Amino acid sequence: MTILRSMKQLIDRYFRPDAFYPGLDRVYFAGLYRRGFRLVMLDLDNTLSAHGSLEADDYAKACVEKIRSAGFVCWLVTNAR
């Protein structure tokens, strides 16, 4: 097996999402928690806020609270400034 093929398999296994949702308000976090998930990582730009926003809006605050109240640790990550 070549190194490139091994790398592709690792990426496919560990760095591809298991599911896609049209919005965070459509995710049933309690069900995911019962299935054993414990961490939610969210990107700021165009996930929790509009690109370039400097403050969290009510939607972002409500989503983070919903995630935390389901028992998850919630990390906010971004490559934005």
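Computed from a predicted model, the values in this text were never measured in an experiment.
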- What one should report as the nearest heavy-atom pair of Ala30 and Ala70 is N-CB, 4.1 Å

- Query: Residues two or more places apart in sequence or in another chain: which of them pass side-chain contact (heavy atoms from CB on, under 4.5 Å) with Arg26?
  - Reply: Pro22

- Item | Side-chain heavy atoms of Trp75 within contact of Leu39, under 4.5 Å | yes

- To the nearest 0.5 Å, how far apart are CG in Leu32 and CZ in Arg38? 10.5 Å

- Without swapping roles, check the side chain of Lys66 against the backbone of Val27 for a donor-acceptor pair under 3.5 Å. yes

- Side chain proximity check, Arg34 to Tyr28, heavy atoms < 4.5 angstrom: yes

- Item | Hphob cluster co-occupancy, Val40 + Tyr21, side-chain heavy atoms under 4.5 angstrom | yes

- Query: Just how far is it from atom CG of Asp43 to atom OG1 of Thr78, taken to the nearest 0.5 Å?
  - Reply: 4.5 Å

- Task: Kindly indicate whether the side chain of Ile67, heavy atoms from C-beta on, has any atom under 4.5 Å from the side chain of Val73.
- Result: no

- Note on the structure: Sequence neighbours excluded, the answer for ring pair (Phe, Tyr, Trp, His ring centres under 6.0 Å) partners of Tyr33 is Phe72

- Interatomic distance, Leu24 atom CG to Tyr59 atom OH [nearest 0.5 angstrom]: 4.5 Å

- Task: Decide if atom CG of Asp25 counts as having more than 12 heavy atoms of other residues, nucleotides or ligands within a radius under 6.0 Å.
- Result: yes

- Note on the structure: Of all heavy-atom pairs linking Arg68 and Cys74, the shortest is CG-CB, 4.5 Å

- Task: Evaluate the salt bridge (charged side-chain N to carboxylate O under 4.0 Å, His left out) criterion for residues Asp12 and Lys8: first the C-alpha distance (whole Å), next the side-chain angles of each, then the deciding distance (0.1 Å), finally the verdict.
- Result: CA-CA 6 Å; Asp12 285 344; Lys8 183 181 180 327; 2.8 Å; yes

